[in-house]
Participant: 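This structure is in structure tokens; I'll ask about it shortly.
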Amino acid sequence: GRIATTVVKAKELRRHADRMVTLAKQGDLAATRRATSRLRITYNKLTPKEARAVKKGDLASYNRDRRVIQKLFGPLKEKFKERQGGYTRIIRMEKNRVGDNATMCYIEYL
């Protein structure tokens with residue numbers, strides 16, 4: 001994923017994104033709960049029909065928040081397993097934002 005935003009917001013987001021990956025690398029239940037609370041995620045209870053669909057592999061019934069936690073504690077955890085920090089990159093754009101001339105950039109995971 002890549003997000004286009006201002007440099008100031010990207011630098012602030014980098015702090016939080018790196019902390020979330022560090023929690024994911026711990027991988028235990030307490031880390032999952034801390035990440036969930038920091039992201040202010042509420043889990044909606046699944047109906048029995050939705051739970052059966054999820055067991056079969058259909059994640060469409062999950063809300064967006066659940067998918068974020070699954071991605072964080074799944075592929076991102078494995079991707080950064082050997083890395084000791086610096087999980088995000090800020091790439092400055094050539095053009096500034098129209099209107100207030102703010103410096104724009106992309107922030108992305110490595």
Participant: Do the side chains of Met104 and Val7 get nearer than 4.5 Å, heavy atoms only?
Facilitator: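 Counting from C-beta outward, Val7 and Met104 never come under 4.5 Å.
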Participant: Mind checking whether Ile69 and Leu39 have side chains closer than 4.5 Å, heavy atoms only?
Facilitator: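 Of all side-chain heavy-atom pairs linking Leu39 with Ile69, at least one is under 4.5 Å.
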Participant: Just to verify, which of Arg19, Glu108, Lys25 counts as forming a side chain to side chain donor-acceptor pair (under 3.5 Å) with Tyr87?
Facilitator: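 Only one option passes, and that is Lys25.
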Participant: With the side chain counted from C-beta on, respond yes when Ile3 and Leu13 share a heavy-atom pair under 4.5 Å apart, and no when they do not.
Facilitator: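 A side-chain contact exists here, since the closest heavy-atom pair is under 4.5 Å.
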Participant: Can any side-chain N or O of Arg97 pair as donor or acceptor with the backbone N or O of Asp100 at less than 3.5 Å?
Facilitator: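 Answer holds: no.
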Participant: For residues Leu72 and Leu110: do they belong to one hydrophobic cluster (side chain heavy atoms under 4.5 Å, members Ile, Leu, Val, Met, Phe, Trp, Tyr)?
Facilitator: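 They do share one cluster, since a chain of ILVMFWY contacts under 4.5 Å joins Leu72 to Leu110.
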Participant: Can you see which heavy atom on Cys105 is nearest to which on Arg92, and at what distance?
Facilitator: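 Heavy atoms only, the tightest pair is CB-CA, 3.8 Å.
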Participant: Would you give the length of the straight line joining atom CZ of Arg34 to atom OG1 of Thr22, rounded to the nearest 0.5 angstrom?
Facilitator: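 Here the rounded value is 11.0 Å.
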Participant: What's the spacing between Lys77 NZ and Leu23 CG if we round to 0.5 Å?
Facilitator: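 One gets 11.5 Å once the value is rounded to the nearest 0.5 Å.
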Participant: Can you tell if the side chain of Met20 reaches within under 4.5 Å of the side chain of Leu76, non-hydrogen atoms only?
Facilitator: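 The answer is no, as the side chains (C-beta and beyond) never meet within the 4.5 Å cut-off.
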Participant: Mind checking the CE-OG1 spacing from Met93 to Thr103? Nearest 0.5 Å is all I need.
Facilitator: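 It comes to 11.5 Å.
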Participant: Is Arg83 close to Val21 at the side-chain level, that is, under 4.5 Å between some pair of heavy atoms?
Facilitator: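 No, too far: nothing below the 4.5 Å cut-off.
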Participant: Which heavy atom in Arg14 sits nearest to a heavy atom in Thr88, and how many Å separate them?
Facilitator: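 Minimum heavy-atom separation between Arg14 and Thr88: CG-OG1, 3.1 Å.
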Participant: If you compare all heavy atoms of Lys79 against all heavy atoms of Tyr109, which two are closest, and at what distance to 0.1 Å?
Facilitator: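 Closest heavy-atom pair between Lys79 and Tyr109: NZ-O, 4.5 Å.
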Participant: Give me the atom names and distance for the closest heavy-atom approach of Ala24 to Phe73.
Facilitator: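 Smallest interatomic distance, heavy atoms only, reads CA-CE2, 3.5 Å.
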Participant: Might you work through the salt bridge (Lys or Arg N to Asp or Glu O under 4.0 Å) test for Lys81 and Glu78, ending with a clear yes or no?
Facilitator: CA-CA 5 Å; Lys81 183 171 37 176; Glu78 295 302 317; 3.3 Å; yes
